[in-house]
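Values below: every heavy atom of this structure, side chains too, minus hydrogens, waters and symmetry copies. Sequence positions, counted from 1, serve as the residue numbers for this chain. Indexing begins at 1, ligand by ligand and atom by atom, following the structure's order. Just so you know, these numbers come straight off a predicted model, no measurement behind them.
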Amino acid sequence: MIQIKTDDDVEVMRNSAKLAAEVLLMIEPYVKPGVTTNRLNQLCHDFIVSHGAIPSPLDYRGFPKSICSSINEEICHGIPSDRKLRNGDIVNLDITTYLNGFHGDTSRMFYVGSARKKVSRLVETCKESLQRAIELVRPGAHLGDIGATIQNIAEGKGYSVVREFCGHGIGRNFHEDPQVLHIGKFGEGVELKKGMVFTIEPMLNEGKPDLKILPDKWTAVTQDGLASAQFEHTVAVLDNGYEVLTRLNGQTDF
Ligand code: MF3
Ligand code: CO
Ligand code: CO
């Protein structure tokens with residue numbers, strides 16, 4: 001069942017969502033060659049806790065850390081570790097915060113050191129697909145419009161869309177209905193209504209869409225070992241459009 005948020009709920013959710021966005025802003029200067037993902041995890045954890053919030057991933061279904069960090073061929077749910085980031089890596093940091101009874105969820109890619117041309121095209125395409133999907137959000141639109149837009153952009157550039165993970169309703173729970181698929185057909189699926197709040201979080205692969213889960217039981221990686229990219233925002237359906245709750249005022253980079 002889709003939980004419709006009141007205007008007051010959305011007002012509270014703004015705070016949690018904005019905090020998650022601020023974590024991504026805070027961490028950016030630390031995402032450099034040589035840093036371990038454990039260090040990034042610790043910095044994010046401390047920032048979240050010092051703002052009176054809880055990092056939602058910690059102990060979520062047994063997840064051992066406060067953020068997800070997914071490098072290169074890792075698609076999502078990578079576990080921070082002592083691994084050092086290297087020049088030319090790409091890494092997704094996925095931040096979810098729980099504040100005043102509501103979750104906010106956002107993630108983005110970072111280039112570690114210099115960006116490689118081949119992989120930056122993938123990353124920028126993923127970012128664009130999320131942005132174009134967000135722009136369609138309004139009452140009367142359908143979830144299929146979101147999926148179709150992402151799928152068309154990705155496949156049009158020769159990339160594939162991960163099927164096994166999707167966006168999700170979000171609110172008092174980390175993951176709520178509906179599932180927000182990143183593939184689909186225009187006009188199909190759930191019709192959007194004011195007060196729905198959900199994430200859109202496309203995962204695009206350089207090669208085939210197939211994935212496997214590592215023995216750590218969390219990290220999803222591409223079967224073919226090629227790169228994967230993901231961006232994520234928490235979006236609210238308003239009377240006549242949308243609001244990206246995880247976008248800070250004046251934020252223009254994604
Ligand atoms: N933040 C992820 C999402 O976008 C979920 C992470 S679940 C965890 O839905 F347990 F791995 F943290
Ligand atoms: Co997330
Ligand atoms: Co999410």
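Using modelled atom types and a 3.5 Å distance limit, the side chains of Asp105 and Thr199 yield no donor-acceptor pair. In this model, a donor atom of one side chain and an acceptor atom of the other lie less than 3.5 Å apart for Asn38 and Lys65. Defined by atom type and a distance below 3.5 Å, a donor-acceptor pair is present between the side-chain atoms of His103 and Ser56.
Ion pairing between Glu128 and Arg132 holds under the 4.0 Å rule for side-chain N and carboxylate O. Taking a cutoff of 4.0 Å between a charged side-chain nitrogen and a carboxylate oxygen, Asp7 and Lys194 qualify as a salt bridge. Using a cutoff of 4.0 Å between basic side-chain nitrogens and carboxylate oxygens, Lys185 and Asp145 are not scored as salt-bridged.
Aromatic pair His77/Phe165: centroids less than 6.0 angstrom apart. Aromatic rings from His233 and Phe198 are positioned such that their centres are separated by 6.0 Å or more.
Using a distance-only test at 3.5 Å, with no hydrogens or angles considered, no donor-acceptor pair links the side chain of Ser228 to the main chain of Glu74.
Within the protein, the N, O or S atoms sitting under 2.8 Å from the Co ion (ligand 3) are Asp105 OD2, His168 NE2, Glu201 OE2, Glu232 OE2.
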I'd like a table of the close N/O pairs between ligand 1 and the protein (anything under 3.5 Å), one pair per line with both atom names and the distance.
from	atom 1	to	atom 2	distance (Å)
ligand 1	1 (N)	Asp94	OD1	3.2
ligand 1	1 (N)	Asp94	OD2	3.2
ligand 1	1 (N)	Thr96	OG1	3.3
ligand 1	1 (N)	Asp105	OD1	3.3
ligand 1	4 (O)	Asp94	OD2	3.3
ligand 1	4 (O)	Asp105	OD2	3.1
ligand 1	4 (O)	Glu201	OE1	2.7
ligand 1	4 (O)	Glu201	OE2	3.2
ligand 1	4 (O)	Glu232	OE1	3.0
ligand 1	4 (O)	Glu232	OE2	3.0
ligand 1	9 (O)	His168	NE2	3.1
ligand 1	9 (O)	His175	NE2	2.8

